[in-house]
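Presented below is the structure to which this report refers.
To find a chain, count down the sequence lines: A is the first, B the second, and so on, and within it residues start at 1. Because the structure is a prediction, the values reported are computed rather than measured.
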Amino acid sequence: MSRRKTERLLNLVICLLSTRRPLSAEQIRHAVPGYDPENDEAFQRMFERDKNELREIGIPIEVQKDPWEDDPGYRIVPEAYELPEITLEADEAAILGLAAQVWQRASLAEAASGAMLKLKAGGVQTDLVEGPLELRVDTRDPSFPTLWEAVRDRRVVAFDYRSSGSESVLRRTVEPWGVVSRRGRWYLVGHDRGRDDTRVFRLSRIVGSVSAVGRPGAVRVPEGIDLRAQVGYSHGEDYPERVALIRVRPGSCQGLRHLARTVTPGERWDQVELAFTDPERLAGWIASLGSDAQVIDPPDAREAVIRRLKGALQ
Amino acid sequence: MNDRLPRLLALVPYLMSHPGAQVPEVARLFGLNEKQLIDDLQLVWMCGLPGHTPGDLIDVSWDGGEILIENAETIARPLKLGVDEVSALLVALRLLAELPEFGGSEALGRVIAKLEQAAGDGAAAVSNQVAVEVDAAPDALATVTAAVRAGRRLSLRYYVPGRDEVTPREVDPLRVVLVDGRHYLEGWCYRAEAMRMFRVDRVLEVTVLDVPADPPAEAEPMDVADGVFRPSESDELVELEVTPAGRWVSEYYPVERVEELGEGRQRITLRARDQSWLVRLALRLGDAGRVIRPESLAERVTDSARQALANYY
């Protein structure tokens, strides 16, 4: 942005904040340097753009339409503009400092540091105390900023999506309710209009860019929705918990032993009882242990392991 | 979007609440070099109340590097926090609230309340729409954190799934980092004679030793901005082809390259320090994946699969 424009905007903010009574556009035109004194259309366009810029950075411009006046009056109400006085105790400041460091990259990282700068500017003590714990949350997905804005503004989104393990990419239209990070992966939770049901989308499977469509405020987020529970819930089959009987070579399969219910040592093989729900997931794990482990029971898990091993023959 | 105006609207209040602040320190705080800061001060100097008589203009001086500002009462307070700003902090604070380290922290509750109050309506509500899940606290976490705080060495048994082995380690802990919802212990590992990141949920046993932690001078914390996993150039390049059922591999592991082959299949190139975890991966994938290169690896996979199948027949 040009220096002249920044000066004009700063002067505009000061002007609108300092006035007790609303000022008309004409009064502003003469009070703030930089507006065209002759060309009315040029002035009006510039003034409109300036107001929008101020609103975009969060400055509330009050517009008063006085029935006795032709033109509306403008001002910024200091109480609506100002950061309220906040005092933080030392322990509170340390925690806030920790929170401010959490976001890595993109929209929320800038927002967090912008917030801290305003707080510092307002005289709030925000020095970071070095502690034993650091937190980092990343928002690597390119679609994150757009989705975050759509969630914030309650706008419908549309994007191309490849379902898990699928060949096809389909266009989805979603009323976004929120985004959740789990194990470093971001998920979008919302109402899928095409399927007329709640769905969870993994951001890494979004193909191309996300478009926000329609007007802000069009999306209604159900009350008391538990976003995290939605991500945990598999919108598919539910597996009962069963116990598998697995033979493992002595001295091997440490991870398996650690999670097992029982381990019974033997001469050539140790026997392990392991609880599981999804036989395919179990099969993947046991197959990966190669000749160090074999499933004895149940038959479907055993067959699934054999299938994987045969499939791995190159 | 312009960020010079928001910066100036924070700069003026900052200078007013910190009279005599030094140029270098203010520049650093605002992420500017000194020339840029001076530029900002000169711009502010040209602004003021309508009329723009000398009495209306903001008065800024920076003699000897000390910044003094006067006649800027109108913008003496910073702009209130925006929705994004409040949300970013509140979501992070709520994340902290989940952690055992902060369980029942009264101070945390107070900060959240103060921020919600300063934010006004709407802003606090939006922050509920972003959530970060944290893995349940691993058993070893409390002990590990205590050792970091007390500056003591740790003795631990650590499980590496790729090699399916448990190794004993002595580690001088530096910090605990929570990345991607998981806890990691970063410290100097005497066995590796290098800095290491240990996943705390893979620490099977841990004891705090009565030895003060004394890591060597070269023990520097890692920059986790790009994630925790660090492949190196010397690691071998491996090529795999996967069917749609194997696409999770490129989502789950850090990979060098992914090529779409059509019909949902992919060719994935990645680096591996040792081949054994790739053998395990290939066995796990079954017919959803195939090793293309190196051939030695493909042979190892076939051998392992045959040996394992022998157990069943």
- Message: So that I can tick it off, tell me whether R3(A) and D39(B) are bridged by a salt bridge, with the cut-off set at under 4.0 angstrom between side-chain N and carboxylate O.
- Response: yes
- Item | Heavy-atom proximity to chain A below 4.5 Å, by part of R202(B) | neither
- Message: Please identify, among P176(A), A115(A), G122(A), the residue contributing the most non-hydrogen atom pairs under 4.5 Å to chain B.
- Response: A115(A)
- Message: Please classify the contact of R182(B) with chain A as side chain, backbone, both or neither, using a heavy-atom distance under 4.5 Å.
- Response: side chain
- Which bit of I59(A) comes within less than 4.5 Å of chain B, counting heavy atoms only: side chain, backbone, both or neither? both
- Message: Let's test your reading of the structure: which of A99(A), G178(A), G123(A), A80(A) forms the most heavy-atom pairs below 4.5 Å with chain B?
- Response: A99(A)
- Query: Which answer fits W285(A), side chain, backbone, both or neither, if we ask what part of it has an atom under 4.5 Å from a heavy atom of chain B?
  - Reply: both
- Message: Counting heavy-atom pairs closer than 4.5 Å to chain B, which one of Q294(A), R308(A), K118(A), E82(A) comes out on top?
- Response: K118(A)
- Please look at S17(B) and chain A and tell me whether the side chain, the backbone, both or neither of the residue comes under 4.5 angstrom of a heavy atom of that chain. side chain
- Item | Interface moiety of V13(A) toward chain B, non-hydrogen atoms closer than 4.5 Å | side chain
- Who wins among I75(B), L99(B), L49(B), V132(B) for the most heavy-atom pairs under 4.5 Å with chain A? V132(B)
- Against chain A, work out which of R77(B), E73(B), R290(B) has the most heavy-atom pairs shorter than 4.5 Å and name it. R77(B)
- Query: Are E98(B) and R228(A) ion-paired here, with the side-chain N under 4.0 Å from a carboxylate O?
  - Reply: yes
- Answer with side chain, backbone, both or neither: which region of S113(A) has an atom nearer than 4.5 Å to a non-hydrogen atom of chain B? neither
- Query: Where on L79(B) is there a heavy atom nearer than 4.5 Å to chain A: the side chain, the backbone, both, or neither?
  - Reply: both
- Message: I'd like to know whether R307(A) forms a salt bridge (Lys or Arg N to Asp or Glu O under 4.0 Å) with E280(A), so could you lay out the CA-CA distance, the side-chain angles of the two residues, the decisive distance to 0.1 Å, and finally the verdict.
- Response: CA-CA 10 Å; R307(A) 242 196 335 269; E280(A) 285 302 325; 2.8 Å; yes
- Passes side-chain contact (heavy atoms from CB on, under 4.5 Å), D3(B) versus E110(A)? Steps please. CA-CA 11 Å; D3(B) 56 24; E110(A) 281 172 25; over 6 Å; no
- Task: Check whether V32(A) gets within reach of chain B through its side chain, its backbone, both or neither, counting any heavy atom under 4.5 Å.
- Result: neither
- Note on the structure: Looking only at G264(B), A92(B), P50(B), P78(B), the option with the highest number of non-hydrogen pairs under 4.5 Å against chain A is P78(B)
- Quick one: of H52(B), Q307(B), M46(B), who has the most non-hydrogen atom pairs under 4.5 Å with chain A? H52(B)
- Could you state the interatomic distance from OG1 (T19(A)) to CD1 (I14(A)), rounded to the nearest 0.5 Å? 13.5 Å
- Task: Measure up the Y252(B) and W248(B) rings against each other and bin them: parallel (under 30°), tilted (30 to 60°), perpendicular (over 60°).
- Result: perpendicular
- Between I58(B) and chain A, which part of the residue has a heavy atom less than 4.5 Å away: side chain, backbone, both or neither? side chain
- Query: So, are E53(A) and K5(A) salt-bridged, with charged N and O less than 4.0 Å apart?
  - Reply: yes
- Salt bridge or not for E92(A) and R110(B), using N-O below 4.0 Å? yes
- Query: Non-hydrogen atoms of chain B under 4.5 Å away: do they reach the side chain of E149(A), the backbone, both or neither?
  - Reply: neither
- Item | R8(A) portion near chain B, given a 4.5 angstrom heavy-atom threshold | neither
- Message: Out of M116(A), R154(A), E89(A), return the one with the most heavy atom pairs under 4.5 angstrom to chain B.
- Response: R154(A)
- Task: Sequence neighbours left out, what passes ring pair (Phe, Tyr, Trp, His ring centres under 6.0 Å) with W186(A)? Give chain and number order.
- Result: F144(A)
- Can you tell me how far the OH atom of Y14(B) sits from the CG atom of L29(B), to the nearest 0.5 Å? 5.0 Å
- Identify the two heavy atoms, one from A100(A) and one from L89(B), that lie closest to each other, and give their separation to 0.1 Å. CA-CD2, 4.0 Å
- Message: If I take atom CG from residue L283(B) and atom CG from residue L278(B), how far apart are they, to the nearest 0.5 angstrom?
- Response: 11.0 Å
- Give, as side chain, backbone, both or neither, the part of V305(A) having an atom under 4.5 angstrom from any heavy atom of chain B. side chain
- Of all residues at least two apart in sequence or in a different chain, which pass the salt bridge (Lys or Arg N to Asp or Glu O under 4.0 Å) check with K80(B)? none
- Query: At what distance, to the nearest 0.5 angstrom, does CG of L174(B) lie from CG of L185(B)?
  - Reply: 9.0 Å
- Item | Closest-packed option against chain B by number of heavy-atom pairs under 4.5 Å, given G251(A), P84(A), G58(A), S252(A) | P84(A)
- Task: Check the pair V148(B), L133(A) against side-chain contact (heavy atoms from CB on, under 4.5 Å), reporting the backbone distance first and the verdict last.
- Result: CA-CA 9 Å; V148(B) 176; L133(A) 174 71; over 6 Å; no
- Task: Counting only heavy atoms closer than 4.5 Å, note whether I112(B) contacts chain A via side chain, backbone, both or neither.
- Result: neither
- Under 4.5 Å, counting heavy-atom pairs only, tell me which of D287(B), N311(B), V111(B), T302(B) racks up the most with chain A. N311(B)
- Contact part of D303(B) toward chain A, heavy-atom cut-off under 4.5 Å: side chain, backbone, both or neither? neither
- Counting heavy-atom pairs under 4.5 Å to chain B, which of L119(A), D91(A), I28(A) comes out on top? D91(A)
- Item | Distance (rounded to the nearest 0.5 Å) between C47(B) SG and N71(B) CG | 12.5 Å
- Query: Given that the side chain runs from C-beta out, which part of E260(B) has a heavy atom under 4.5 Å from chain A: side chain, backbone, both or neither?
  - Reply: side chain
- Item | Segment of Y312(B) engaging chain A (4.5 angstrom heavy-atom cut-off) | both
- Query: Hey, does the side chain of R284(B) reach the backbone of S288(A) with a donor-acceptor pair shorter than 3.5 angstrom?
  - Reply: no
- Note on the structure: If one checks every heavy atom of P78(A) against chain B at 4.5 Å, the contacting part turns out to be neither
- Message: Would W148(A) and L188(A) count as a side-chain contact (heavy atoms from CB on, under 4.5 Å) here? Give the steps.
- Response: CA-CA 10 Å; W148(A) 154 245; L188(A) 169 71; over 6 Å; no
- Task: Check whether L54(A) gets within reach of chain B through its side chain, its backbone, both or neither, counting any heavy atom under 4.5 Å.
- Result: side chain
- For the candidates L285(B), L281(B), V176(B), which exhibits the highest count of non-hydrogen atom pairs separated by less than 4.5 Å from chain A? V176(B)
- Query: When rounded to the nearest 0.5 angstrom, what is the spacing between CG in L141(B) and NE2 in H183(B)?
  - Reply: 4.5 Å
- Which portion of S105(B) sits near chain A, non-hydrogen atoms under 4.5 angstrom: side chain
- A293(A) versus chain B, the contacting section by heavy-atom distance below 4.5 Å: backbone
- Check each atom of A298(B) against the heavy atoms of chain A and say whether the ones under 4.5 Å are side chain, backbone, both or neither. both
